[in-house]
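Scroll down for the structure; my scribbles are underneath it.
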Amino acid sequence: MFNFYEVSDSQFGESLPQQIYRHILKKIIGKELNAGDKIVEEEIAKELNTSRAPVREALYLLQVEGIVERLPRRGTIVKPFTQAEIEDYNTLMAELLRVAVMYGQQKWAPEYKEMLKQYAADADTACEQGNVREYGMKAERVLRHVVTVAGNVALSKFYEKASLILNIFVEVKWSEQKIKEFHAPFQRFAASILASEYEQAQTSIYEFLQAGIK
């Protein structure tokens, strides 16, 4: 989870429409755009200094996800995005990470654990700094590494989808205090994997994810 950047032609392997998707979704979660508000392609394109074509594609992606809807004679309208939906994504993320831990039990070669150890240490440093964006990026790298080690393509795809929503929720809603609440069980999660205590790691998943949205 937790990966943030400004819209540009190409960053982190995402297309321009995908980056615009994130930009609009951030506005929705941050209540800059509310349920019932109209999203005007031309205004978004002007704001981001781009053409309307990638904005139109981004809106299509949002429509497919059920975040906006296109209405006759009204255009693209923001649908309600509730706390309950965030909780649903959080529950999905918990299950995905639990499965990743199970799949990866026999795959944690020493070099993978060494990478995890370094990523976790970077998250510790970011927590001390208290910067939400920086901490989010470092914590996401730990979780992504766990999913990658599991080596399941379908799992990785579902992770990306759930991560997208939760990443932006974090950037918009979290504070320095929330980082600290999240980080204690998150540390236990990483430490459990490093110690090959996979059942404890699965328990910690639910603890840090619940801390992140309560």
Any idea which heavy atoms bring [X] and [Y] closest together, and the distance?
X	Y	value
Val147	Ser156	CG1-OG, 3.7 Å
Ala211	Glu181	CB-O, 3.6 Å
Ser204	Pro185	CB-O, 3.7 Å
Ala201	Ile193	CB-CG1, 3.8 Å
Ala100	Ala150	O-CB, 3.5 Å
Lys113	Ser196	NZ-OG, 2.6 Å

With heavy-atom distances below 4.5 Å as the criterion, would you say the side chains of [X] and [Y] are in contact?
X	Y	answer
Thr50	Leu16	yes
Lys26	Arg22	no
Leu194	Trp108	no
Val142	Phe186	yes
Glu57	Pro54	no
Val101	Phe189	yes
Gln210	Glu207	no
Met93	Tyr159	yes

For side chain to side chain contact (heavy atoms under 4.5 Å, CB included), just list the numbers for Leu209 and Leu97, CA-CA rounded to whole Å, side-chain angles, deciding distance to a tenth of an Å, and then say yes or no.
CA-CA 10 Å; Leu209 285 178; Leu97 291 174; 4.3 Å; yes
Of Glu134, Arg141, Met137, which meets side chain to side chain contact (heavy atoms under 4.5 Å, CB included) against Asp122?
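With Asp122 as partner, Glu134, Arg141, Met137 yield a single side chain to side chain contact (heavy atoms under 4.5 Å, CB included), made by Arg141.
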Salt bridge (charged side-chain N to carboxylate O under 4.0 Å, His left out) with Lys27: which of Glu32, Glu171, Glu43?
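Result: among Glu32, Glu171, Glu43, Glu32 is the only option passing the salt bridge (charged side-chain N to carboxylate O under 4.0 Å, His left out) with Lys27.
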Full working for side chain to side chain contact (heavy atoms under 4.5 Å, CB included) between His145 and Tyr112
CA-CA 8 Å; His145 184 55; Tyr112 293 157; 4.2 Å; yes
How long is the gap from [atom1] on [X] to [atom2] on [Y], to the nearest 0.5 Å?
X	Y	atom1	atom2	answer
Asn152	Met102	CG	CE	12.0 Å
Asp124	Gln187	CG	CD	4.5 Å
Leu59	Ile67	CG	CD1	11.0 Å
Leu143	Leu166	CG	CG	10.5 Å
Leu48	Ile24	CG	CD1	7.5 Å
Ile20	Glu47	CD1	CD	10.0 Å

Is it true that [X] and [Y] have a side-chain N and a carboxylate O under 4.0 angstrom from each other?
X	Y	answer
Glu41	Arg52	yes
Lys161	Glu65	yes
Glu95	Arg98	yes
Glu69	Arg74	no

Other cluster members, Tyr60 - Ile/Leu/Val/Met/Phe/Trp/Tyr, side-chain contacts below 4.5 Å
Val64
Linking directly or through intermediates, with side-chain heavy atoms under 4.5 Å: list the remaining ILVMFWY members grouped with Leu71, chain and number order.
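Joined to Leu71, directly or through intermediates: Ile77.
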With sequence neighbours left out, the residues meeting side-chain contact (heavy atoms from CB on, under 4.5 Å) with Glu176 are Lys180
Within a radius of less than 6.0 Å around [atom1] of [X], do more than 12 heavy atoms belonging to other residues, nucleotides or ligands occur?
X	atom1	answer
Glu199	CD	no
Tyr103	OH	no
Lys46	NZ	no
Glu42	CD	no

Got a donor-acceptor contact below 3.5 angstrom from the [X] side chain to the [Y] backbone?
X	Y	result
Lys173	Ile168	no
Glu85	Thr82	yes
Lys117	Ala190	no
Gln200	Glu197	no

Would Leu92 and Leu96 count as a side chain to side chain contact (heavy atoms under 4.5 Å, CB included) if you check the C-alpha gap in whole Å, the side-chain angles of each, and the deciding distance to 0.1 Å?
CA-CA 6 Å; Leu92 174 61; Leu96 293 173; 3.9 Å; yes
Checking Thr76 now: which residues fulfil side chain to side chain donor-acceptor pair (under 3.5 Å) with it, not counting sequence neighbours?
Arg70
What residues, two or more places apart in sequence or in another chain, satisfy side chain to side chain donor-acceptor pair (under 3.5 Å) together with Lys31?
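Here no residue qualifies.
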His183: what forms a ring pair (Phe, Tyr, Trp, His ring centres under 6.0 Å) with it, not counting sequence neighbours?
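If we apply the ring pair (Phe, Tyr, Trp, His ring centres under 6.0 Å) test to His183, skipping adjacent residues, the hits are Tyr135.
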Check the pair Val170, Phe182 against side chain to side chain contact (heavy atoms under 4.5 Å, CB included), reporting the backbone distance first and the verdict last.
CA-CA 11 Å; Val170 165; Phe182 178 93; over 6 Å; no
Tell me if the centroids of the rings in Trp174 and Phe169 come within less than 6.0 Å of each other.
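No.
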Quick one about Ser15 and Gln18 (side-chain donor to acceptor, distance below 3.5 Å, no hydrogens or angles considered), yes or no?
yes
